[in-house]
Amino acid sequence: MLNLLRFREMADYSAAPELMPLSPISGAEAFQRYIQHTLPFLRQSGGDIIFLGAADSWLIGPQDERWDCAMLVRQSSTAAFLAFANNEACMQGIGHRTAALEDSRLLPITQRDALM
């Protein structure tokens, strides 16, 4: 899955006050907390983060659209992803993601050996 992420300047924990840190943090820092919480569950389900990197301006695309980060997540199957996404213990950290992100896109992709 290709994730495009736009972080809030400052994390907004209004939807998950129980996760709010003692002092304000950036959206990027809140997203790092989300990754630290969920990565063990992702790996347990057969998935992993295979790329995480800073995004830059589009070479081809809307010039008024910006993304701060691109993340590529590998999962063994749709069923494994759904099990991960519905894991109650894993979802206890979803508030970090909500606090972190101003906007995001998630594009499921499937590896192919050759072009059609």
Side-chain angles (χ1 to χ4, degrees):
M1 285 177 286
L2 173 63
N3 295 258
L4 296 177
L5 310 166
R6 184 178 314 131
F7 300 125
R8 298 176 195 274
E9 187 174 327
M10 298 304 294
D12 177 4
Y13 279 94
S14 59
E18 70 282 2
L19 296 176
M20 188 183 313
L22 295 176
S23 24
I25 61 173
S26 69
E29 291 169 308
F31 195 77
Q32 184 61 40
R33 288 178 184 218
Y34 169 71
I35 288 175
Q36 289 171 340
H37 176 82
T38 59
L39 191 55
F41 299 103
L42 178 63
R43 288 179 173 155
Q44 184 180 42
S45 74
D48 207 351
I49 296 172
I50 57 175
F51 178 83
L52 180 66
D56 204 343
S57 301
W58 288 108
L59 293 178
I60 299 172
Q63 294 303 304
D64 61 341
E65 185 178 294
R66 74 167 177 83
W67 300 101
D68 298 313
C69 182
M71 180 171 67
L72 194 56
V73 176
R74 178 192 46 79
Q75 188 52 271
S76 58
S77 69
T78 301
F81 172 75
L82 292 174
F84 161 75
N86 291 310
N87 180 315
E88 190 174 314
C90 178
M91 290 302 106
Q92 290 177 1
I94 197 74
H96 290 300
R97 185 181 191 283
T98 303
L101 296 178
E102 179 181 310
D103 198 2
S104 65
R105 300 288 184 274
L106 177 62
L107 179 65
I109 54 178
T110 304
Q111 184 173 344
R112 296 196 175 163
D113 293 329
L115 294 177
M116 301 182 166

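Keep in mind the model is a prediction, meaning the values are calculated, not measured.
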Separation between CZ (R33) and OG1 (T38), nearest 0.5 Å, reads 14.0 Å
Please say yes or no: joined through hydrophobic side-chain contacts below 4.5 Å, possibly via intermediate residues, are I49 and L2 part of one cluster? no
Is there a path from W67 to L101 through hydrophobic residues (I, L, V, M, F, W, Y) whose side chains come within less than 4.5 Å of each other? no
Where G95 and A16 come nearest, the two heavy atoms and their spacing: CA-CB, 3.7 Å
Quick one, E29 and P21 - any side-chain contact, counting heavy atoms below 4.5 Å? no
So do L107 and L4 actually touch side chain to side chain, heavy atoms under 4.5 Å? no
Do the non-hydrogen side-chain atoms of L19 and Y34 ever get within less than 4.5 Å of each other? no
Main-chain N/O of R66 paired with R6 side-chain donor or acceptor, under 3.5 Å: yes
Consider ring-ring contact (aromatic ring centres under 6.0 Å, His included). Of F31, F7, Y13, which one does H96 pass it with? Y13
Approximate separation, where rounding is to 0.5 Å, of L106 CG and M71 CE: 8.5 Å
Verify same cluster id: L72, L42 (apolar side-chain graph, 4.5 Å): no
Any donor and acceptor pair, going by atom type alone, linking the side chain of Q63 with main-chain N or O of G61 inside 3.5 Å? yes
With clusters defined by side-chain heavy atoms of hydrophobic residues (ILVMFWY) lying less than 4.5 Å apart, directly or transitively, does F41 cluster with M91? yes
Is there a side-chain contact between D12 and E102, using heavy atoms and a 4.5 Å cut-off? no
Rounded to the nearest 0.5 Å, how far apart are CG of L82 and CG of N87? 12.5 Å
Spell out, as yes or no, whether a donor-acceptor pair under 3.5 Å connects the side chain of D48 to the backbone of I50. no
How about E18: does its CD atom have over 12 heavy atoms from other parts shown lying under 6.0 Å from it? yes
Note: A80 and S45 closest approach over all heavy atoms is CB-O, 3.5 Å
If you define the side chain from C-beta out and look only at heavy atoms, does anything of Q111 sit under 4.5 Å from R74? no
In the single-linkage hydrophobic clustering (I, L, V, M, F, W, Y; side-chain heavy atoms under 4.5 Å), do M10 and I25 co-cluster? no
Looking at CD of Q75 and OG of S77, how far apart are the two atoms once the value is rounded to the nearest 0.5 Å? 6.5 Å
Check whether any side-chain heavy atom of Q32 lies under 4.5 Å from a side-chain heavy atom of Q36, and answer yes or no. yes
Between S104 and N3, is any pair of side-chain heavy atoms under 4.5 Å apart? no
Could you pull out the closest heavy-atom pair between A30 and A100, with the gap in Å? CB-CB, 3.7 Å
